[in-house]
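Data first, discussion second: the structure below is written as structure tokens.
For this chain, numbers begin at 1 and follow the sequence in order.
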Amino acid sequence: MKRWWWIGLGVVLVAVLAIWAQVHRQSLVPPVKWETKNPIVNPSKTRQIALSQGVQDRTKMLTLPSGHLLHTDWYLPITSHSEVTYVIHDGQARWIFDGHIIALPNAPTDPVGHLLAAPNGKELAWNEAQGVFLVHSDKSTQLIPHAINVYFTPHNVLDYIKPDGTLLKIYSPFPTRVLSGSTHFGYQPFVQDGHSLVYDHKGQINLLSLATGSQKPILRVRATRWPELADSISYGSHIAILLRRPSPLPAYLLAIKTDHGLLWYRWKTGLKPQIGLSQGHLVINNLDPSGQLVILGKKNLHPLPQSTGLFSQSPQGVIFQTNQGFTLLSQIQ
């Protein structure tokens with residue numbers, strides 16, 4: 001009888017210790033719900049948008065240029081004489097300019113948000129460990145040491161950011177602007193045709209005018225909850241911002257500043273979302289688990305009939321691969 005009593009006591013002690021350990025662990029790492037009622041701290045008046053009914057679109061099939069890479073799975077037509085083809089899973093890239101093939105052996109493995117093209121099609125640029133690397137159509141190359149976050153203006157001028165001690169300097173056609181070294185940027189911080197820059201400082205997302213140096217707040221989030229500014233893009237007077245919360249299944253927050261207020265949508269996905277523009281519409285992928293492309297309408301988000309993996313942002317609009325070939329999202333109805 002005593003033997004069973006001691007066994008029972010041991011079981012109780014193990015259970016008590018397990019409960020104590022769990023409580024102690026939770027006291028050290030408080031549980032955090034990823035979904036709060038409103039992820040935007042400021043402004044206080046915002047509107048959560050929903051995924052609504054689908055809308056129709058029109059697409060146009062594209063023909064790859066002569067000399068493209070075999071098994072091309074990412075295609076960027078820049079001008080009628082300048083195009084880039086990629087085989088992403090092999091990390092191969094090729095630039096075809098005026099019918100001439102220019103190899104890009106050190107191009108970024110993932111071109112989305114990293115490989116930039118001048119609007120005239122005569123230059124490509126991307127970030128490397130040493131700085132911004134440029135390739136010219138005459139096959140000459142150039143390195144801007146320590147530079148980051150490259151951008152081409154509509155007039156083919158190269159903008160970039162460069163660390164300088166504890167500061168960050170923004171180089172553009174405007175006077176050099178300076179920000180704190182603790183500032184963070186997304187893939188594409190330059191917006192409004194390179195006249196402004198979106199940045200994050202401890203959860204405060206601001207818009208810096210490169211022309212005047214003035215700064216305006218866009219929104220504020222809890223920095224511990226949304227620590228990464230992933231991307232930004234502008235269209236008309238609107239600015240769209242994508243924030244990311246790293247976790248085994250990352251969470252994303254899309255916020256759009258419009259003339260009438262701030263809209264937002266929040267979701268989780270293991271796939272990398274993209275934001276782009278097509279025919280004046282904001283286009284997002286990997287927002288819905290179905291994998292459909294989604295556009296922002298007047299009041300809500302609307303799925304398109306198309307599903308994509310990674311897409312390219314061409315001057316003509318969003319381009320993606322289907323089982324029939326490469327497709328341009330040519331019109332949204």
Side-chain angles (χ1 to χ4, degrees), residues 38-49 112-113 116 119 149-154 159-161 168 170 172-174 177 179 183-223 226-245 252-267 273-287 293-302 311 313 315 317-318 332:
N38 188 342
I40 311 294
V41 176
N42 194 52
S44 57
K45 292 184 179 180
T46 65
R47 185 165 69 85
Q48 182 178 9
I49 50 180
V112 176
L116 280 295
N149 293 95
V150 64
Y151 171 82
F152 283 104
T153 73
D159 294 355
Y160 57 90
I161 302 167
L168 292 167
I170 297 100
S172 72
F174 303 105
R177 304 300 176 187
L179 290 172
T183 299
H184 297 285
F185 309 99
Y187 295 126
Q188 298 297 329
F190 293 93
V191 296
Q192 299 174 339
D193 290 337
H195 286 74
S196 304
L197 183 130
V198 174
Y199 70 91
D200 172 23
H201 186 257
K202 298 179 180 179
Q204 177 65 55
I205 314 297
N206 290 332
L207 183 68
L208 168 66
S209 168
L210 299 178
T212 66
S214 64
Q215 301 182 43
K216 294 181 180 178
I218 300 176
L219 61 96
R220 184 162 62 88
V221 295
R222 295 169 182 83
W226 299 101
E228 294 182 9
L229 173 59
D231 205 357
S232 54
I233 197 169
S234 65
Y235 57 110
S237 58
H238 298 177
I239 298 174
I241 295 162
L242 185 65
L243 294 159
R244 180 176 184 268
R245 179 179 175 176
Y252 291 89
L253 173 64
L254 176 68
I256 304 106
K257 183 183 184 300
T258 72
D259 296 329
H260 306 293
L262 192 77
L263 311 175
W264 59 270
Y265 185 86
R266 173 181 51 194
W267 75 105
Q274 288 178 257
I275 51 177
L277 300 175
S278 206
Q279 304 301 309
H281 291 271
L282 178 66
V283 181
I284 311 105
N285 77 346
N286 295 328
L287 179 145
L293 282 175
V294 174
I295 66 157
L296 177 66
K298 291 182 179 180
K299 294 183 178 180
N300 284 304
L301 296 162
H302 303 276
F311 63 70
Q313 176 66 69
V318 165
I332 299 168

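Residues passing the salt bridge (Lys or Arg N to Asp or Glu O under 4.0 Å) test with Arg220, sequence neighbours excluded: none. Residues passing the ring-ring contact (aromatic ring centres under 6.0 Å, His included) test with Phe190 are Tyr151, sequence neighbours excluded. For the side chain to side chain contact (heavy atoms under 4.5 Å, CB included) test, no residue two or more places apart in sequence or in another chain qualifies with Ser44.
Rounded to the nearest 0.5 Å, atoms CD1 (Ile218) and CD1 (Ile40) are 11.0 Å apart. Taken to the nearest 0.5 Å, the OG atom of Ser209 stands 8.0 Å off from the NZ atom of Lys216. With values rounded to the nearest 0.5 angstrom, Gln274 atom CD is found 9.0 Å from Tyr187 atom OH. Here the CG atom belonging to Leu263 is positioned 5.0 Å from the CZ atom belonging to Arg47, to the nearest 0.5 angstrom. To the nearest 0.5 angstrom, Leu229 atom CG is 10.5 Å from Leu253 atom CG. Between the OG atom of Ser234 and the CD1 atom of Ile241 there is a distance of 10.5 Å, given to the nearest 0.5 Å.
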> Run the side-chain contact (heavy atoms from CB on, under 4.5 Å) check on His302 and Val294 step by step: do they pass?
Replying inline: CA-CA 5 Å; His302 303 276; Val294 174; 5.7 Å; no

> Does the pair His281 and Tyr235 meet the rule for a ring-ring contact (aromatic ring centres under 6.0 Å, His included), with working shown?
Replying inline: CA-CA 8 Å; His281 291 271; Tyr235 57 110; 8.7 Å; no

>> Is there a side-chain contact (heavy atoms from CB on, under 4.5 Å) between Asp159 and Leu197? Walk through the geometry before answering.
In response: CA-CA 11 Å; Asp159 294 355; Leu197 183 130; over 6 Å; no

>> side-chain contact (heavy atoms from CB on, under 4.5 Å), that's the test. Do Ile170 and Leu208 meet it? Break it down for me.
In response: CA-CA 10 Å; Ile170 297 100; Leu208 168 66; 4.3 Å; yes

>> Working note: Leu168 + Phe185, criterion side-chain contact (heavy atoms from CB on, under 4.5 Å); need CA distance, chi angles, decisive distance, verdict.
In response: CA-CA 11 Å; Leu168 292 167; Phe185 309 99; 3.6 Å; yes

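Across Val283 and Ser278, no two heavy atoms sit closer than the pair CG2-CB, 3.9 Å. Shown here for Pro39 and Trp226, the closest heavy-atom pair between the two residues is CB-NE1, 3.7 Å. The two atoms that bring Trp267 and Leu287 nearest to each other are CD1-O, 3.1 Å, heavy atoms only. Pairing each heavy atom of Gln215 with each of Asn206, the nearest pair is OE1-ND2, 4.3 Å. Taking each heavy atom of Ser237 and Asp259 in turn, the nearest pair found is OG-OD1, 2.7 Å. Shown here for Leu277 and Ile233, the closest heavy-atom pair between the two residues is CG-CD1, 3.5 Å.
Between Pro189 and Tyr199, every side-chain heavy-atom pair lies at or beyond the 4.5 Å cut-off. The closest side-chain heavy-atom distance from Gln192 to Leu207 is below 4.5 Å. Between Ile49 and Leu254, every side-chain heavy-atom pair lies at or beyond the 4.5 Å cut-off. Leu262 places a side-chain heavy atom less than 4.5 Å from the side chain of Lys257. The closest side-chain heavy-atom distance from Pro273 to Leu242 is below 4.5 Å. Residues Leu219 and Pro43 have side chains in contact (heavy-atom distance under 4.5 Å, counting atoms from C-beta outward). Considering only heavy atoms from C-beta on, Phe311 comes within 4.5 Å of Leu293 through its side chain.
Under a 3.5 Å cut-off, the side chain of Glu228 and the backbone N or O of Leu243 do not form any donor-acceptor pair. The main-chain N or O of Gly186 is found under 3.5 Å from a side-chain atom of Asn149 such that the two form a donor-acceptor pair. Formation of a donor-acceptor pair under 3.5 Å by the Gln188 side chain with backbone atoms of Gly113 is found in this model.
Evaluated for a side-chain hydrogen bond (donor to acceptor under 3.5 Å, both in side chains) with Tyr252, the options Arg245, Arg244, Arg266 yield exactly one hit, Arg244.
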